[in-house]
Amino acid sequence: MSSGHAQLHLQLQALPPPPLRFGSVLFPSHPIQSKRIRNSSFSLRLHHNGSKSSVFGRKSGVIRSSVAEKSNGAAEPKPKQQVTVKRPYPFHEIELKWQRYWEDNQTFRTPDEIDTSKPKYYVLDMFPYPSGAGLHVGHPLGYTATDILARLKRMQGYNVLHPMGWDAFGLPAEQYAIETGTHPKITTLKNIDRFRSQLKSLGFSYDWDREISTTEPEYYRWTQWIFLQLLKRGLAYQAEVPVNWCPALGTVLANEEVVDGVSERGGHPVIRKPMKQWMLKITAYADHLLEDLDDLDWPESIKEMQRNWIGRSEGAEMDFPILSSDGQERDTKITIYTTRPDTIFGATYLVVAPEHPLLSSLVSTAQRKSVEEYTDLASRKSDLERTELQKEKTGVFSGCYAKNPVSGEAIPIWVADYVLGSYGTGAIMAVPAHDTRDLEFASKFDIPIRWVVMPDDKNLSGSGKAYSGEGTVVNSSNSTVGLDINGLSSKEAASKVIEWADKTANGKKKVNYKLRDWLFARQRYWGEPIPVFFLDDNGETVPLLETELPLTLPELDDFSPTGTGEPPLSKSVSWVKTKDPLTGKPARRETSTMPQWAGSCWYYLRFMDPKNSKEVVAKTKEMYWSPVDVYVGGAEHAVLHLLYSRFWHKVLYDIGIVSTKEPFKCVINQGIILGEVQYIAYKDSDGNFISADSGTSVEYHQELIPEEKVMKSGDSFVMKDNPNVRLIARSHKMSKSRGNVVNPDDVVSEYGADSLRLYEMFMGPLRDSKTWNTSGIEGVHRFLGRTWRLIVGSPLSDGTFKDGTLVTDEDPTLEQLRSLHKCIAKVTEEIEATRFNTGISAMMEFLNVAYKWKKHPRLIIEAFVLLLSPYAPHMAEELWFRLGHSKSLAYEPFPKADPAFLKESTIVLPVQINGKTRGTIQVEETCSEENAFQLASKDEKLSKYLNGKVIKKRIFVPGKILNVILDLQNVKATVR
């Protein structure tokens with residue numbers, strides 16, 4: 001690496017890697033250059049309780065968050081004088097030019113009729129929800145990666161499908177409609193227009209002819225059609241289930257939409273309430289969903305998350321008879337599910353979920369009030385909160401007992417929220433000696449603890465902790481019931497207990513899943529109508545005829561919750577009231593709508609055939625394009641979206657609509673781009689700065705320190721004017737609430753879309769989280785400027801550039817060919833492996849070498865422009881045009897590395913003068929004697945031994961040595 005390139009490379013690599021977390025604070029894991037932000041200041045003030053009194057941003061003249069500007073409440077003063085920006089290349093002209101060209105010529109349109117003998121490449125982004133805030137610079141990370149892949153594959157001769165659409169139904173638009181009276185459709189279309197404009201400004205090569213939105217009737221017609229297929233096969237049904245009901249939002253929320261007992265959006269209280277809801281029987285496909293994960297090219301962490309969510313386990317269901325107050329068995333039994341039947345003799349109490357259907361019949365009169373109060377509290381918690389391992393265990397005694405079927409003992413029945421009614425049977429046998437949660441509960445409420453499994457390591461049994469592993473069974477025999485498992489291994493004992501239970505009708509073997517059926521209804525307006533109605537006379541559920549689809553949403557003026565639990569659609573009386581088209585009987589439409597997940601479950605299929613009005617997708621097109629080759633999106637969709645999509649796909653596979661068992665061949669989760677680093681200082685009550693790690697317990701205030709006042713000291717950041725004060729450096733995920741959102745429009749205006757694309761790829765590996773730093777973009781911007789000057793030349797005095805290029809039509813040298821093909825090989829390999837940052841490094845290295853050449857042959861430069869084009873398509877198109885081509889380079893063959901130019905064919909050849917080694921020269925492996933002698937004659941060290949000397953003879957052994965014998969009697973002869 002040349003010194004010039006080393007300097008550039010180091011400067012670009014100064015970006016911080018993903019920060020390390022220490023407690024609740026994020027620390028960058030290596031130094032951040034203090035000059036990264038110039039002419040900037042921050043105005044965030046933090047009170048001692050951490051609340052913000054204003055947002056932070058940059059001074060005018062450099063990029064700042066548009067969100068921050070809006071939330072500041074006041075416009076910044078305008079600069080007194082407009083500074084003219086001298087651009088290193090005219091990106092402001094060429095980017096708009098080529099975006100217009102691509103749109104006018106439909107450059108990236110994938111025709112309906114294609115040559116199916118060619119290989120296909122379907123690369124897809126998880127399509128976005130078009131929010132009102134528009135894109136921030138974190139969004140284009142995955143979009144840029146898929147665009148680079150799409151552009152490469154087009155140039156490699158593939159038929160490429162690279163579409164974009166909008167997952168546009170959802171609660172935010174409806175909430176905005178409630179607050180402002182603006183119809184959700186108007187808001188949604190406005191947001192889509194903004195998103196589309198921003199995406200086009202970044203030069204993404206989407207086939208916009210295939211654009212779809214889940215809110216369009218011609219799209220959700222087929223969402224409704226798929227629902228009807230599920231209904232026909234018994235995979236859609238209604239059930240009375242406890243749901244997360246939010247009165248303020250007037251809708252049921254999924255577990256992940258509830259945080260700490262309140263709605264994630266708006267912070268409204270949420271309660272658990274039984275309601276009749278539509279459910280999809282995803283559990284019927286649990287084994288298929290689990291088994292087929294093994295063959296997928298997905299991150300192992302994502303596959304493991306899905307395995308855990310499905311949660312398959314093998315065990316037993318056991319019946320515990322309920323005892324009356326006089327100790328006699330009642331007719332009722334509590335059925336529990338356990339994965340450890342070998343520990344049943346150690347069960348010293350039962351726990352039932354607060355929503356267990358038998359609870360009301362179990363509770364004693366004395367305990368009824370306590371139990372009712374406890375169940376009311378539990379109803380306000382989400383399942384995630386209730387099962388949190390770190391939370392303190394709570395519970396209440398029911399006042400009732402059950403009989404352990406193997407020991408015959410009467411054991412108490414408790415009510416506790418760490419048991420869920422939706423998992424297993426909603427009741428567990430608690431074995432505190434061998435389960436950590438049960439031990440914590442038993443210790444708190446003074447319940448007996450009995451060891452029944454001895455570990456091989458005897459020290460573990462006396463540790464005071466629960467032992468959940470396997471071992472040898474003890475204290476587990478009852479001749480009265482005919483069961484003795486003492487001395488058996490855990491596995492042997494479990495089998496024997498199940499055999500006994502089955503023979504005595506006390507239980508049976510059971511496979512269980514954590515996976516629950518999918519709650520598929522929301523009490524909201526802005527969603528797909530569910531295509532069923534209910535007959536007035538008997539309540540029978542009748543599906544719409546497929547010919548009546550789509551069932552469209554009625555127009556409403558009032559989208560607010562009814563307050564009764566009835567969805568907003570119930571307000572449209574004329575729409576709700578209908579008739580059965582076959583019998584003429586009066587009926588009432590379903591007024592709940594589908595969840596937002598519905599439309600995103602199958603959109604990848606519609607992109608294959610978006611204008612088909614007769615079927616979801618034509619068979620020939622589905623068979624060619626399926627499955628999606630690369631699917632890129634955030635890890636936050638690792639479980640639910642991907643699991644729901646896989647479920648629907650498998651149903652469609654079973655009914656012959658699709659030809660593959662899985663929808664997505666390869667899934668890539670891009671990392672998060674965090675907001676810029678903030679530096680926090682502490683002040684004591686007297687206003688004196690103190691180090692963040694001082695350990696003092698006094699009350700302090702936090703203050704944000706501008707970066708120009710910060711410097712690196714060892715492993716810490718300190719204040720420049722007070723190096724004894726160490727600071728906290730941290731980054732957060734970009735969000736409107738934090739005011740750290742950077743608008744890509746501002747970056748494009750300042751540096752151009754190609755610079756933004758290049759920077760997002762250069763920040764680090766695609767899958768890693770990274771910290772945004774606006775001034776870091778200057779490095780890649782300089783690289784593009786140097787590329788432009790190498791090929792086009794320096795700007796004229798007025799800042800413009802002359803037409804054409806500086807390239808020559810002469811043949812390239814061997815050195816130039818080797819440099820080029822080394823770059824081709826590296827860039828191709830790195831794009832294919834999605835290591836985009838190292839592909840950029842390879843092009844930077846090539847550019848540094850090329851600047852040393854006196855001439856730049858067309859063959860070399862054109863190939864380099866093609867290499868650059870997936871990353872920086874606007875510049876590449878303009879350079880291609882200037883090089884004399886009249887058509888877009890989008891379908892030009894991507895350069896291929898010639899192995900002949902990748903071999904290192906130079907060797908170090910020793911040179912002797914009169915038999916004594918005087919130096920070495922670097923020569924080609926096939927170098928001739930004459931060429932070797934000429935190189936030696938020009939070598940600075942060797943030439944002093946040869947110039948002016950008479951050569952008597954030369955001894956040359958190819959690849960080994962050159963020995964020059966001088967005629968020491970004749971010194972005036974000259975070297976040839």
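Keep in mind that what you see is a predicted model, and the values were worked out from it rather than measured.
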Requested in this report: Taking atom NZ of K619 as the centre, report whether more than 12 heavy atoms of other residues, nucleotides or ligands fall under 6.0 Å from it.
Outcome: yes

Query raised in the report: Shortest non-hydrogen contact from L231 to P543?
Result: CD2-CB, 3.8 Å

Report task. Please answer whether the main-chain N or O of E636 pairs with a side-chain N or O of H641 as donor and acceptor at a distance below 3.5 Å. Result -> no

Query raised in the report: Using the benzene-type ring in the case of Trp, are the ring centres of W602 and Y219 under 6.0 Å apart?
Result: yes

Report task. Without swapping roles, check the side chain of H268 against the backbone of S263 for a donor-acceptor pair under 3.5 Å. Result -> no

Report task. Please check if the side chain of K571 supplies one atom and the backbone of D557 the other of a donor-acceptor pair under 3.5 Å. Result -> no

Requested in this report: For K273, look at atom NZ and say whether over 12 heavy atoms of other residues, nucleotides or ligands are found less than 6.0 Å away.
Outcome: yes

Query raised in the report: Distance-only, no hydrogens or angles: does the S398 side chain make a donor-acceptor pair with backbone N or O of I413 under 3.5 Å?
Result: yes

**Report entry** Inter-residue atom distance C400.SG - R330.CZ, 0.5 Å rounding
**Finding:** 5.0 Å

Query - Partners passing side-chain hydrogen bond (donor to acceptor under 3.5 Å, both in side chains) against D609 (at least two apart in sequence or in another chain) - result: N612, K621

Query - Exam field: side chain D629 to backbone V123, donor-acceptor pair closer than 3.5 Å - result: no

Report task. For R233, enumerate each residue passing the side-chain hydrogen bond (donor to acceptor under 3.5 Å, both in side chains) test, keeping only those at least two apart in sequence or located in another chain. Result -> none

**Report entry** Interatomic distance, S626 atom OG to K665 atom NZ [nearest 0.5 angstrom]
**Finding:** 12.0 Å

Report task. First locate atom CG of D167, then atom CZ of F127, and finally report the distance between them rounded to the nearest 0.5 Å. Result -> 4.0 Å

Query raised in the report: Judged by atom type as modelled, is there a donor-acceptor pair below 3.5 Å linking the side chain of R522 to the main-chain atoms of Q596?
Result: no

Query - Steps toward salt bridge (Lys or Arg N to Asp or Glu O under 4.0 Å) verdict (K650, E662) - result: CA-CA 7 Å; K650 289 180 182 301; E662 289 287 338; 2.9 Å; yes

Query raised in the report: Is it true that Y631 and Y604 have ring centroids separated by less than 6.0 Å?
Result: no

Query raised in the report: Say you draw a straight line from OH of Y122 to CZ of F664; how long is it, rounded to the nearest 0.5 Å?
Result: 8.0 Å

Query raised in the report: Between S645 (side chain) and L642 (backbone), is there a donor-acceptor pair under 3.5 Å?
Result: no

Query raised in the report: Taking it one step at a time, do E548 and R589 satisfy salt bridge (Lys or Arg N to Asp or Glu O under 4.0 Å)?
Result: CA-CA 13 Å; E548 293 184 330; R589 295 193 192 279; 5.9 Å; no

Report task. Check step by step if salt bridge (Lys or Arg N to Asp or Glu O under 4.0 Å) holds for K585 and D536. Result -> CA-CA 8 Å; K585 291 182 178 181; D536 286 354; over 6 Å; no

Query raised in the report: Is there a donor in the side chain of D517 and an acceptor in the side chain of T283, or the other way round, less than 3.5 Å apart?
Result: yes

Query - Distance-only side-chain donor-acceptor flag, W278 / E590, under 3.5 Å - result: yes

Query raised in the report: Between T335 and K508, does any side-chain donor sit less than 3.5 Å from a side-chain acceptor?
Result: no

Requested in this report: Just jot down the side-chain hydrogen bond (donor to acceptor under 3.5 Å, both in side chains) partners of E546, sequence neighbours excluded, or say none.
Outcome: W225, Q229, K232

Report task. Name all residues meeting the ring-ring contact (aromatic ring centres under 6.0 Å, His included) criterion together with Y129; count only those two or more places apart in sequence or in a different chain, and write none if there are none. Result -> none

Query - Exercise: do H162 and T110 side chains pair donor with acceptor under 3.5 Å - result: no

**Report entry** K281 atom NZ: more than 12 heavy-atom contacts under 6.0 Å
**Finding:** no

Requested in this report: Report the C-alpha separation of H356 and T425 in whole Å, then their side-chain angles, then the decisive distance to 0.1 Å, and conclude whether the side-chain hydrogen bond (donor to acceptor under 3.5 Å, both in side chains) test is met.
Outcome: CA-CA 9 Å; H356 195 285; T425 64; 5.5 Å; no

Query raised in the report: In this structure, are over 12 heavy atoms from other groups packed under 6.0 Å from K509 atom NZ?
Result: no

Report task. Identify, with sequence neighbours excluded, every residue that meets ring-ring contact (aromatic ring centres under 6.0 Å, His included) alongside Y513. Result -> none

Requested in this report: Check step by step if salt bridge (Lys or Arg N to Asp or Glu O under 4.0 Å) holds for D209 and K611.
Outcome: CA-CA 10 Å; D209 268 14; K611 296 178 174 61; 5.5 Å; no

Query raised in the report: If you measure only the distance, is there a donor-acceptor pair under 3.5 Å linking the side chains of T593 and E528?
Result: no

Report summary line: When rounded to the nearest 0.5 Å, the distance separating CH2 of W245 from OG of S379 is 14.0 Å

Requested in this report: Would you mind telling me which of R606, R196, R109 makes a salt bridge (Lys or Arg N to Asp or Glu O under 4.0 Å) with E211?
Outcome: R196

Query - Reported OG1-to-CG distance for the pair T660 and D292, which is rounded to 0.5 angstrom - result: 10.5 Å

Query raised in the report: Under 3.5 Å, side chain of S572 to main-chain N/O of L569, donor-acceptor pair present?
Result: no

Query - D537 atom CG: more than 12 heavy-atom contacts under 6.0 Å - result: yes

Quiz: residues 168-186 side-chain donor-acceptor pairs under 3.5 angstrom, not counting sequence neighbours:
| residue | atom | partner | partner atom | Å |
| --- | --- | --- | --- | --- |
| E174 | OE1 | Y525 | N | 3.0 |
| E174 | OE1 | W526 | N | 2.8 |
| E174 | OE2 | Y525 | N | 2.7 |
| T180 | OG1 | Y176 | O | 2.7 |
| T180 | OG1 | T182 | N | 3.2 |
| T180 | OG1 | T182 | OG1 | 3.1 |
| H183 | ND1 | K185 | N | 3.0 |
| H183 | NE2 | Y525 | OH | 3.3 |
| H183 | NE2 | E555 | OE1 | 3.4 |

Query - Check: E622/S659 side-chain N/O donor and acceptor closer than 3.5 Å - result: yes

Query raised in the report: With distance as the sole test, does Q224 use its side chain to make a donor-acceptor pair with the main-chain N or O of L551 at under 3.5 Å?
Result: yes

Query raised in the report: Is a side-chain N or O of R646 found less than 3.5 angstrom from the main chain of P663, in a donor-acceptor match?
Result: no

